[in-house]
Amino acid sequence: MPDANLHDWNLTPEQAIALQRRMAGSIEREDRLAPVRHIAGIDIGFEQGGEVTRAAAVVLAWPGDPLIGLDIVEQVVHREPTRMPYIPGLLSFREIPAALAAFGMLTTRPELVMVDGQGIAHPRRLGVASHLGLWLDLPTIGVAKSRLCGVHDEVPEPRGEWTPLRHRGETIGAVLRTRAGVKPVYVSLGHRISLATSLDWVVRCLGRTKLPEPTRLADRLASRRGPMPRPAD
DNA sequence: GCGACAG
DNA sequence: ATCTTGTCGC
């Protein structure tokens, strides 16, 4: 069987794991961002019992109106047949192809991308946010609603409080309280950004909800709940 | 060997 | 992730 390469998304679990180990070494954990004017949010949802994969991408302008909040500049949806099942640790191979297709539909090229899932807070340090960041060569942040690996203390109740997420003696992310009394989110750097800066951006993009706006809006679009994209004027 | 396990 | 109604609370 031929070796796995970046353009092949139909890999065996063994090949996928080997590829993650190779790619993880290319992840940049320090800031290398252009001035942020647009922030994108990416998320994937499923339809028809999982047969169809639905990728959503939203672009928000930064900074937004202090009263209205962040403005939606663009929002797109891409649907395609689901390729592979969900396997813990191999999520990106299931979601990235569709995410890339949706991202490619965007007219605006954001300077920062927030992804629903882990960045380097992954057993092999290559969660979906990191994988996507490497592919797009853009700064990415992983914002997950639950933990994949690592341990942490309880997070203080006040909004904005956080505690380190550790795994094998290394800090791989932060568990952030985005709303008092609500389950915290797992923030980890994806690519070309530090954990500290990642936390800054997530907090800055927070509305009154648990998830930051980019991820929250993409989530809503991907799960086909909120209003559909309005046709162009 | 026995659990845990992003979405 | 998705399947699903009502219900508790600000």
Side-chain angles (χ1 to χ4, degrees), chain A residues 9 13-14 16-17 19-20 23-24 27 41-58 77-103 113-135 140-152 155 157 159 165-168 171-176 178-191 195 198 202 207-212 214-226:
Chain A
W9 294 104
E14 295 68 31
I17 288 171
L19 183 54
Q20 290 181 323
M23 294 182 78
I27 293 299
I42 306 281
D43 189 35
I44 275 68
F46 298 88
E47 301 174 1
Q48 310 182 16
E51 299 298 306
V52 175
T53 296
R54 182 188 170 98
V58 177
V77 171
H78 165 80
R79 299 166 78 250
E80 65 174 42
T82 300
R83 326 197 164 215
M84 49 196 301
Y86 166 67
I87 301 173
L90 300 181
L91 177 69
S92 62
F93 295 90
R94 168 176 164 89
E95 300 193 341
I96 285 191
L100 288 174
F103 196 88
V113 181
M114 286 192 195
V115 184
D116 191 324
Q118 315 289 351
I120 62 170
H122 175 282
R124 292 169 290 283
R125 307 294 183 264
L126 196 83
V128 63
S130 295
H131 199 156
L132 189 63
L134 220 41
W135 189 277
T140 57
I141 299 172
V143 182
K145 296 183 290 296
S146 62
R147 182 191 67 92
L148 172 59
C149 69
V151 295
H152 64 85
V155 190
E157 278 304 309
R159 170 196 177 122
L165 175 62
R166 315 192 97 253
H167 181 61
R168 295 178 187 167
T171 293
I172 58 175
V175 192
L176 173 70
T178 54
R179 275 196 76 179
V182 174
K183 198 170 91 155
V185 298
Y186 293 75
V187 178
S188 56
L189 70 94
H191 184 47
L195 174 59
S198 295
V202 170
R208 309 185 193 79
T209 50
K210 164 178 173 173
L211 297 175
T215 293
R216 195 201 114 224
L217 293 171
D219 218 77
R220 198 161 62 57
L221 245 193
S223 62
R224 77 211 239 53
R225 264 173 290 165

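Only heavy atoms go into these numbers, but all of them, side chains included; no hydrogens, no water, no symmetry mates. Lettering of chains follows the sequences in order, A, B, ..., and the numbering in each one begins at 1.
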Check: [Y] main-chain N/O paired with [X] side-chain donor or acceptor under 3.5 Å:
X      : Y      : value
A:R179 : A:R208 : yes
A:H191 : A:A129 : no
A:Q20  : A:G127 : no
A:E47  : A:R79  : no

Mind checking if A:L126 touches a base, just sugar-phosphate, or nothing, with heavy atoms under 4.0 Å?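 Contact class for A:L126: none.
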
Roughly how many Å is it from [atom1] in [X] to [atom2] in [N], rounded to a whole number?
X      : N     : atom1 : atom2 : result
A:Q118 : B:dA6 : CD    : C1'   : 5 Å
A:E51  : C:dA1 : CD    : C1'   : 13 Å
A:Q20  : B:dA6 : CD    : P     : 14 Å

Looking at [X], does any N or O in its side chain come under 4.0 Å of the phosphate oxygens OP1/OP2 on [N]?
X      : N     : result
A:Y86  : B:dA6 : yes
A:R94  : B:dG7 : no
A:K145 : B:dG7 : yes

Heavy atoms from C-beta onward define the side chain here; which of [options] lies closest to that of [X]?
X      : options             : result
A:S146 : C:dT2, B:dG7, B:dC5 : B:dG7
A:E95  : B:dG7, B:dA6, B:dA4 : B:dG7
A:F46  : C:dA1, B:dA6, B:dA4 : C:dA1

Should the pair A:R220-A:D43 be classified as a salt bridge under the 4.0 Å nitrogen-to-oxygen rule?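 No.
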
Where does DNA chain C pair, written as one dot-bracket string 5' to 3', with Watson-Crick or G-U pairs under 3.5 Å, ( ) inside the strand, [ ] for crossing pairs and | for another strand? ..........

Walk along nucleotides 4-10 of chain C from 5' to 3' and tag each nucleotide B, S or - by protein heavy-atom contact under 4.0 Å, base first, then sugar-phosphate. -------

